[in-house]
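A short worksheet on the structure shown next.
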Amino acid sequence: MSQQPFDQGIPLLTEVLLGPDVAETAPESAPVPVPASLPAVEAAPALPPSGAQPDWDAIEQRLTQRILHQVQGKIDHLLEERIAHVLQTALQNALIGMRGALREDLQQSLEQIVAHAVSHELGHLHPPAQP
């Protein structure tokens with residue numbers, strides 16, 4: 001396997017966790033020599049000197065907030081899609097039920113109107129017998 005050169009545009013994990021300000025001020029350390037028996041792997045970047053230990057609680061808090069923010073955006077989108085689908089289905093079912101009820105009411109109204117019109121016309125054509 002050929003080893004690809006390191007892309008300087010991709011931040012290291014310590015640069016992401018510690019932030020760009022700390023990463024810029026951190027001194028560049030020389031790569032740690034790797035014994036010949038181990039496979040060729042890029043050396044992990046050295047942490048800042050022990051006097052400048054990162055605040056792991058703050059890093060954890062920032063990372064948690066960032067992940068929660070990203071996940072919340074995805075959850076919101078999925079919920080909106082699901083709610084829209086459920087509402088569409090419910091409205092479609094309600095319209096189907098209403099259509100049947102409206103059709104029955106309209107049928108009854110038309111039957112009554114036609115029956116009344118026919119009896120009215122028959123009344124004009126055949127006047128009632130006079131005594």
Euclidean distance, Ile59 CD1 relative to Thr64 OG1, rounded to 0.5 Å: 11.5 Å
N/O donor-acceptor pairs under 3.5 Å from side chains in residues 84-100, not counting sequence neighbours:
| from | atom 1 | to | atom 2 | distance (Å) |
| --- | --- | --- | --- | --- |
| Thr89 | OG1 | His85 | O | 2.9 |
| Asn93 | ND2 | Thr89 | O | 3.4 |

The test is side chain to side chain donor-acceptor pair (under 3.5 Å); show your working for Gln65 and His69 and say whether it passes. CA-CA 6 Å; Gln65 290 299 322; His69 180 70; over 6 Å; no
Can you give me every donor-acceptor pair (side chain of residues 103-120, partner residue at least two apart or in another chain, under 3.5 Å) with its distance?
| from | atom 1 | to | atom 2 | distance (Å) |
| --- | --- | --- | --- | --- |
| Gln107 | NE2 | Glu111 | OE2 | 3.0 |
| Ser109 | OG | Asp105 | O | 3.0 |
| Ser119 | OG | Ala115 | O | 3.3 |
| Ser119 | OG | His116 | O | 2.9 |
| His120 | NE2 | His124 | NE2 | 3.0 |

Is it true that Gln72 and Asp76 share a donor-acceptor pair across their side chains at a distance under 3.5 Å? yes
